[in-house]
Protein chains: 2
Amino acid sequence: MADDVHDQDAGMRVVHLLRAITVELDQLGARFAARHALHPTDVRALICLLDAARTGEPATPGTLGARLGLNSAGTTALVDRLEKLGHVRRERDSRDRRRVLLNVDESAVTLGWSFFGPLIHEVVAVMGRFDAADQATIERFLTDVHETVTQQRTCQE
Amino acid sequence: MADDVHDQDAGMRVVHLLRAITVELDQLGARFAARHALHPTDVRALICLLDAARTGEPATPGTLGARLGLNSAGTTALVDRLEKLGHVRRERDSRDRRRVLLNVDESAVTLGWSFFGPLIHEVVAVMGRFDAADQATIERFLTDVHETVTQQRTCQE
DNA sequence: GACAATATCTTGCTCATCGAGATTCTCGCT
DNA sequence: AGCGAGAATCTCGATGAGCAAGATATTGTC
């Protein structure tokens, strides 16, 4: 039973750590936003768009708005802002001409890297201080947590 | 060199996982907010207040606003909202009557647990599937990452 | 006791987001 | 073909969170 208590303590400590990391990353994102005349929503939008670009799936205002929990009006305003800043370009889909495809400009990529690059580098370095077996453990843990959180989000309708 | 590339790949995968987890947690927080007539900022405020209560340090509008990056006007409006909903009570400090202490109501605690409790339980369960050595590894990794992120945030002025 | 410093609140404004509806385009059906 | 249902996006007016600047109340210092 002592082990159970111990397990739960480690679990709670990890929960608090994950929450603390989330809060810190949020604030870092907010600072990045303020420094480049962006709103927090704009940063989240760019992250989503870059993710989509990385996985090769097409991005449209509809999918973006759904991902961010915005309605159509807010999504239009968001894309307007990003387009005005030159981070995104609208482009009519030639197949389905109702749709608008969103292309992320190179400037947004370099902008993101200039700000988050150092942090990413640091985290990779932290990871590098663990041996291969431990790295696999960490990756497995984070994958499980990600799955759990995603499930929690989607199952609550 | 193949090992280097391998290390870096694992590092980048972990970075993406951490970011994905952050995004999911944000959206979960937003859903929690929408479901209880709260704004995202209100949720972040409650988290800060509960953190402060847990560590025993006194919470005031000033410290809260600083933590959230709000100015005094926004902080006043925020505390007004939370007080109107009964989640927080203002109370003049009897020693320094300029100050206002913020007391989190029990209702806010139970509200938070009713929503995030299941997720926390799940994450603890995920953690429980690892043996003690791996748990220590995970905790050490998250601690290092947290430190890195905090450092990155504070050093950028 | 007058003055600077601190903590909080008030006022007037900007702008992101929402709800509702208009517009443009696609596709199945006859 | 061509008409109508439905889908993707945009426009308009309203709401409200947050900001800048200043007001108010309280404390410590000379």
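Predicted, not measured: the structure shown is a model, and the values here were computed from it.
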Taken to the nearest whole Å, CG/B:D93 to P/C:dT6 is 17 Å
Numerically ordered, the residues 56-80 of chain B set in heavy-atom contact under 4.0 Å with DNA chain C is B:T60, B:P61, B:G62, B:S72, B:A73, B:T76
To the nearest angstrom, the NZ-C1' distance between B:K84 and D:dG16 comes to 12 Å
When rounded to whole Å, the CZ to C1' distance for the pair B:R92 and D:dA25 reads 7 Å
*May I ask you to say whether B:R44 pairs ionically with A:D26, meaning some side-chain N is under 4.0 Å from a carboxylate O?*
no
Checklist line | Electrostatic pair B:R98-B:D96, nearest N-O below 4.0 angstrom | finding: yes
NZ/NE/NH1/NH2 to OD/OE distance under 4.0 Å, A:D42 and A:R81: yes
Taken to the nearest whole Å, CG/A:D96 to P/C:dT24 is 16 Å
Out of C:dT6, C:dT17, C:dC25, minimum distance to the side chain of A:R98 belongs to C:dC25
request  = Measure up the A:F115 and A:H36 rings against each other and bin them: parallel (under 30°), tilted (30 to 60°), perpendicular (over 60°).
outcome  = perpendicular
Winner on side-chain proximity to B:R97, out of C:dT8, C:dC25, D:dT27, is D:dT27
Taken to the nearest whole Å, CZ/A:R95 to P/C:dT26 is 13 Å
The nucleotide from C:dC25, C:dC15, D:dT27 with an atom nearest the side chain of A:H39 is C:dC15
For the residue pair A:H16 / A:R13, report whether a side-chain donor-acceptor contact shorter than 3.5 Å exists. no
Parallel, tilted or perpendicular: ring planes of A:F32 versus A:F116, cut at 30 and 60 degrees:
tilted
### Message
Please classify the nucleic acid contact of B:R90 as base, sugar-phosphate, or nothing, using heavy-atom distances under 4.0 Å.
### Response
sugar-phosphate
Between CG of A:L38 and C1' of C:dC15 the distance, given in whole Å, is 15 Å
- Please determine if a side-chain N or O atom of B:R81 lies less than 4.0 Å away from the OP1 or OP2 oxygen of D:dG18. yes
Separation of C:dT8 atom C1' from B:E91 atom CD, nearest Å, is 16 Å
Notebook entry, point to check: Does a salt bridge link A:D51 with A:R67, judged by any charged N lying under 4.0 Å from a carboxylate O?
Noted result: no
